[in-house]
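The structure under discussion appears below in the form of structure tokens.
Numbering of ligands and ligand atoms starts at 1, following listing order. Because the structure is a prediction, the values reported are computed rather than measured.
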Amino acid sequence: MSLTRDASGLLRLGGVDLADLVSRVGTPSYVYDIDAIAAEARALRLAFDDAVHLVAYAVKANSAGPIVRGLAAEGCGADVVSGGELLVAMGCGIPPDRIVFSGVAKTDDEIDRAIHAGERGILALQIESIEELHRIEARARASARRAQIAIRVNPAVEKEAVGTHAHVTTGHDEAKFGVARDDVPAALSLANRAKHLDLIGISVHVGSQLTSTDAYVAAGRIVFDLARVARERGASLQFVGTGGGFGIDYGEGCAVKPADFVRAVRAEQRAFGLEALSLHVEPGRSLVAAHGVLLAQVIQTKRAPHGADTPERAWLVIDAGMNDLLRPALYQARHRIVPVEASRRDLRAYRVVGPVCESADDFGEHPDLADSGFVAILDAGAYGYTMASRYNGRALPAEVFVQDGRIVAVAEREAPDAWVEGRLRVVER
Ligand code: LLP
């Protein structure tokens, strides 16, 4: 983690004093350490040794320009799931031939943009259904182009086997994702016959925040097995993809590192005799989560007396809520929270809550917090700002980017003034 507390108690991210930062930028604000994110990508790429590979960063985790640009500079590609993310990835310098496009609902417009990106289109549209295969073929035919596709297979790995929150398990057979394993042979034949499609890969994504390599490797075996079948049927595959999902330590431990997933799956790839194919992984969270914090200000405390069998309640009410960081409300996720100023002596446990009018706007019980000042919500670099909303009339938070020990860019918290008529188009009657 790039967060440190020095001897004098100052909390720093990437070397920048967060107490000083907060006095200048205000709250709620996300702060990210670009150097640590780049180092994370470098460490992951080392796990491939000299094997052909692509680290396709899952842009959905954090699509901020300085972050995507930093990962592009490390040679990362991108896994995008919308035309908007495609625009961000290309705008940040990721070449189209390092971009894959996943998602069950690609619109015609998004398919066209992917096919027409750069000289030859993006590396691959990862198809999630046979119906989509037909649509991509039609769009490619309409513009007399060829589209490169990969089949994203649904490996039907049991939800329970993945060992993560049900909302982020994607590879079970009730999930809307991926082509059912039994339909893959049909998809192979269709792709083979399609004049405007080149099938170049088979991929999978089994779920997110995996804290063991088991389900990841099991899904990898399914991909490798299908890749062998595809080759036997004449497909000129270029890659096999085993998805993202590498877990991080949110404070409860995570025994496996991102590189462990890569090493484990590479061993299987070799066992299947497929080492000549490029191995794609699609990490989002593991590259960015630990290198971002959400800073908030304590608004006040609130106490409620205890009854015969209820303990006294002590809430710490802060100015960041579920609209800024949705993970606790949506997945019962726990993020550690620490005071920004460490000089305080009056630390105690509080239930930390935000300002949003929902009981789910609750960050849980945390020890060692003070009744005023600022707090840092840790490990908020992934799926924080990208899932933020304006619910309850709240402006989107600020974002601050730190590099070389200093602030290099700031996206101010938006001003709500424009909301009243900003996007309104008056329609004549
Ligand atoms: N590839 C595909 C096809 C995906 O659907 C995802 C994530 C990833 C890669 C990246 O997974 P990661 O390495 O970040 O685990 N909002 C949730 C996570 C949702 C993940 C959705 N798909 C959260 O905050 O935990």
Side-chain angles (χ1 to χ4, degrees), residues 37 40-41 44 54-63 67-68 71 76-82 85 89 99-106 124-129 132 150-155 162-172 175-179 201-213 215-216 219-220 223 239 241-250 254 256-262 265 280-292 294 322 324-335 377 379-389:
I37 292 169
E40 201 75 67
L44 183 63
L54 180 72
V55 173
Y57 169 56
V59 176
K60 62 172 83 69
N62 191 322
S63 52
I67 290 178
V68 182
L71 290 170
C76 290
D79 168 49
V80 302
V81 292
S82 67
E85 286 189 356
I99 299 177
V100 293
F101 195 147
S102 311
V104 295
K106 302 175 193 83
L125 285 132
Q126 312 213 87
I127 65 149
E128 306 241 9
S129 63
E132 191 190 12
I151 297 175
R152 175 176 173 189
V153 59
N154 183 322
V162 179
T164 185
H165 193 278
H167 288 2
V168 295
T169 346
T170 46
H172 55 88
K176 65 181 176 179
F177 301 102
V179 176
I202 311 270
S203 71
V204 76
H205 173 76
V206 82
S208 203
Q209 184 53 18
L210 309 175
T211 52
S212 140
T213 59
Y216 193 80
V223 164
F239 73 86
T242 45
F246 313 149
I248 69 137
D249 180 4
Y250 280 104
C254 178
V256 281
K257 299 274 166 284
D260 297 329
F261 289 88
V262 168
V265 91
H280 286 193
V281 294
E282 297 167 0
R285 183 191 323 268
S286 62
L287 294 176
V288 290
H291 310 300
L294 172 59
M322 62 188 278
D324 302 298
L325 179 65
L326 184 59
R327 303 192 68 258
L330 193 57
Y331 315 116
Q332 293 75 54
R334 185 177 169 82
H335 286 253
I377 306 178
D379 305 310
Y383 305 110
Y385 189 89
T386 50
M387 295 177 76
S389 76

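Counting heavy atoms under 4.0 Å from ligand 1, residue Arg285 touches it through both backbone and side chain. For Asp79, every heavy-atom contact with ligand 1 shorter than 4.0 Å involves the side chain, none the backbone. At a 4.0 Å heavy-atom cut-off, ligand 1 touches His205 through the side chain alone. At a heavy-atom distance under 4.0 Å, atoms from both the backbone and the side chain of Ser208 approach ligand 1. Residue contacts with ligand 1, taken as heavy atom pairs separated by less than 4.0 Å, do not involve Gln126 at all.
Listed by chain and residue number, Leu44, Phe246, Ser286 satisfy the side-chain contact (heavy atoms from CB on, under 4.5 Å) test with Pro258 (two or more places apart in sequence, or in another chain). For Lys60, the salt bridge (Lys or Arg N to Asp or Glu O under 4.0 Å) partners two or more places apart in sequence, or in a different chain, are Asp79.
Of all the atoms in ligand 1, the ones that sit under 4.0 Å from a non-hydrogen atom of Ala58 are 8 (C), 9 (C), 10 (C). Set against the non-hydrogen atoms of Met387, the atoms of ligand 1 under 4.0 Å away are 16 (N).
When each of Gln126, Glu128, His205, Glu132 is paired with Arg152, the side chain to side chain donor-acceptor pair (under 3.5 Å) condition holds for Glu128 and for no other.
Using a 4.0 Å heavy-atom cutoff, Pro283 is listed among the residues neighbouring ligand 1.
Of the N or O atoms in Arg152, none lie within a sub-3.5 Å distance of an N or O in ligand 1.
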